[in-house]
Amino acid sequence: MGHLGREVRLAVRSLWGDKGFTLTVILTVAVCIAANTATFAVVNSVLLRPLPVPDARSIVILANRYPKAGADFGYNSASGDYYDRLRDIHAFSEQALFRTTGRTLEMQGTPQRVTAMLATPSLFRLLQVPPAYGRAFTDAEGEPGADQRAILSNGMSRELFGSPEAAVGRNVRMNGQQLTVVGVMPAGFNFIDPEVRVWVPASFTPEERLVHHANNWQNIGRLKPGATIGQVQAQVDALNRANLDRFPAFRELLVNAGYHTVASPLEDMLVKQVRGALYLLWGGAAFVLLIGAVNVANLVLARATLRRKEFATRLALGAGPGRLIRQLVTESVVVALAGGAVGAALGTLLLRGLAHSALQTLPRANEIRVDSIVVLAMLATAALVGIAIGLIPSVQVMRARINEVLREESRSGTGGRRPPGAADPGGRAGGAGLCAPGRRRIDAGEFPRTAARRPRVRCEGRSDGRHQRAAIDVSERFRRVHLDGPASRRNSLDSGRHRRRRNHDGPLERRP
């Protein structure tokens, strides 16, 4: 952790010294991550996250289809189908029948239109979500004459009676009929339609239990442990063939219409129509991120080109290529994470702006939000982008020819002016006291004594697989400036100036 902290501090210091580059990269990454945050939040909430009920993926919906009659769509069944399937489909541990409908509810003496759900008493057992207050419907309350019961949503109970506790046992009037509240669902609960505020038990007469192909209900079932949708499909196909024999008057008509029943996960009913469009939208956002990453990579590569002398100097002083690569990657990851954090915040604001307009037409629109999974995914994406763009300039570090880089800097004038009569540095490593990394003829402990004894030292190293020699001028001034510490730097420079004047001008004359 100590090494990592040091790497991060060095990266922040380097980035702070180049504010234009840092700000440009952060803004570029932020815009790309913001688009991906918004789209991934929608995809995660609508497609990837299970329904808000336990083991939602084991819930299957059965739908009657008539493709040759132009009715190869929908997810509906009839009440007669439900009772037949209760008898003959054994892969389900529980089945339920439900549908949403509009009802008029008197609220403080004023009739208001609300969305209600008619459901068999088995629905709450199947969902494995009991009321938070009171109880669920009993099977007896699913019979005609005993169905004057109601379960309220948490919000409706507060609106009518002030609190969920006060609602249990009270009466409400809906469609002119008096209903007794037996339970209140947990806050935030919704199933299929988030607008549902009242649940009422569905009851069927003996005649209604024989109705087939009306298809005005929705039939779901929960798979038994170990059961599969394939088993459900096989059992429902066998039931349909038996029913064709039971009702011969409809046999020819149903065969010509291509009648069959499809068993599919309940989630398909909600998202099948939008799955392709959402994945396409997510792919578009990912492409935007790719374009942004390419642009940032170009900026990083250009910056690395300007830092060639810095890299060559550090390599010459003994830093390994791995050390420089770690620094480059750390710098890229730090700036990318900063952009990712800003982008996640912008994406959250963008999603809130769309929540009341474009997103309302999507299924499960009330569940769309930026949660911890979305934020972590975006930060991980930003980190991966940082690693990728940090490795690009590393190729330059691995291929760097130290002496050539430093020689080019010397020729361009960055190495300073040479005193008259000094040798051409073309065959030397540019800069005082530098040599190629590798095996040295003098080690760090002997360097001061050797430098003092010989003003010119030759050392050799290995660069790109070839032996190279570099002649290095090691003057007394270099030794004092770089080895005696900052406190003696001014004195060493003055001493060097005095000696030069004495050698060229005669007696020592101290400059004012």
Side-chain angles (χ1 to χ4, degrees), residues 47 51 56-102 117-120 122-123 126 142 144 191-193 202-224 227-279 361-363:
L47 302 181
L51 294 174
R57 301 192 188 279
S58 68
I59 301 178
V60 177
I61 187 167
L62 301 174
N64 293 336
R65 303 286 177 84
Y66 310 84
K68 295 182 181 179
D72 192 18
F73 56 87
Y75 291 88
N76 297 327
S77 296
S79 56
D81 296 324
Y82 168 69
Y83 285 98
D84 289 346
R85 293 164 186 170
L86 282 177
R87 181 186 66 245
D88 294 334
I89 296 182
H90 307 292
F92 287 141
S93 61
E94 194 75 66
Q95 292 189 59
L97 203 67
F98 67 92
R99 71 181 180 191
T100 56
T101 181
M117 178 177 285
L118 297 176
T120 58
S122 57
L123 177 65
L126 187 151
F191 173 67
I192 302 299
D193 188 350
S203 59
F204 300 93
T205 65
E207 294 76 16
E208 291 174 329
R209 298 186 184 196
L210 298 177
V211 174
H212 292 80
H213 307 291
N215 299 330
N216 52 356
W217 295 87
Q218 291 175 321
N219 182 194
I220 60 174
R222 181 180 287 275
L223 292 172
K224 289 181 178 179
T228 64
I229 294 181
Q231 293 175 342
V232 174
Q233 187 66 62
Q235 292 174 10
V236 76
D237 289 342
L239 173 61
N240 288 343
R241 288 192 296 269
N243 280 342
L244 289 178
D245 296 332
R246 286 175 58 196
F247 306 101
F250 300 100
R251 180 185 181 90
E252 183 178 358
L253 179 63
L254 293 175
V255 170
N256 292 336
Y259 164 68
H260 67 286
T261 301
V262 176
S264 57
L266 177 62
E267 293 176 336
D268 282 359
M269 184 187 74
L270 300 176
V271 302
K272 185 176 182 179
Q273 301 298 324
V274 299
R275 180 182 284 115
L278 290 182
Y279 278 133
T361 59
L362 293 176

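The aromatic rings of Y259 and H213 sit perpendicular to each other, their planes meeting at more than 60°, with 30° as the lower class boundary.
Test N76, D81, N240 against N64 for side-chain hydrogen bond (donor to acceptor under 3.5 Å, both in side chains) and you get one pass: D81. The ring-ring contact (aromatic ring centres under 6.0 Å, His included) test with W217 singles out one residue from Y75, F204, Y83, and that residue is F204.
The two residues A91 and A227 come nearest to each other via the heavy atoms O-CB, 3.6 Å. Contact between S203 and P144 at its shortest, heavy atoms only, is CB-N, 3.5 Å.
Using a 4.5 Å heavy-atom cutoff, the side chains of L123 and F191 are in contact. Considering only heavy atoms from C-beta on, T228 stays 4.5 Å or farther from L223 through its side chain. Using a 4.5 Å cut-off on side-chain heavy atoms (C-beta onward), S264 and I229 make no contact.
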> Given T100 and I192, is the side chain to side chain contact (heavy atoms under 4.5 Å, CB included) satisfied, shown in steps?
Replying inline: CA-CA 9 Å; T100 56; I192 302 299; 5.6 Å; no
>> side chain to side chain contact (heavy atoms under 4.5 Å, CB included) for N243 and F250? Distances and angles first, verdict last.
In response: CA-CA 10 Å; N243 280 342; F250 300 100; over 6 Å; no
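N215 and Y66 share a donor-acceptor pair across their side chains, judged by distance under 3.5 Å alone. Looking only at atom types and distance, the side chain of S58 has a donor-acceptor partner in the side chain of R222 under 3.5 Å away.
Listed for the Q218 side chain is no donor-acceptor partner under 3.5 Å among the backbone atoms of I61. The main-chain N or O of L118 is never found under 3.5 Å from a side-chain atom of T101 such that the two would form a donor-acceptor pair. In this structure, the side chain of T120 does not engage the main chain of A96 through any donor-acceptor pair within 3.5 Å. Checking side-chain atoms of R209 against main-chain N and O of D84 turns up no donor-acceptor pair under 3.5 Å. Remark: the backbone N or O of L62 is not paired with any side-chain donor or acceptor of T261 at under 3.5 angstrom.
Partners of D193 by salt bridge (charged side-chain N to carboxylate O under 4.0 Å, His left out), not counting sequence neighbours: none found.
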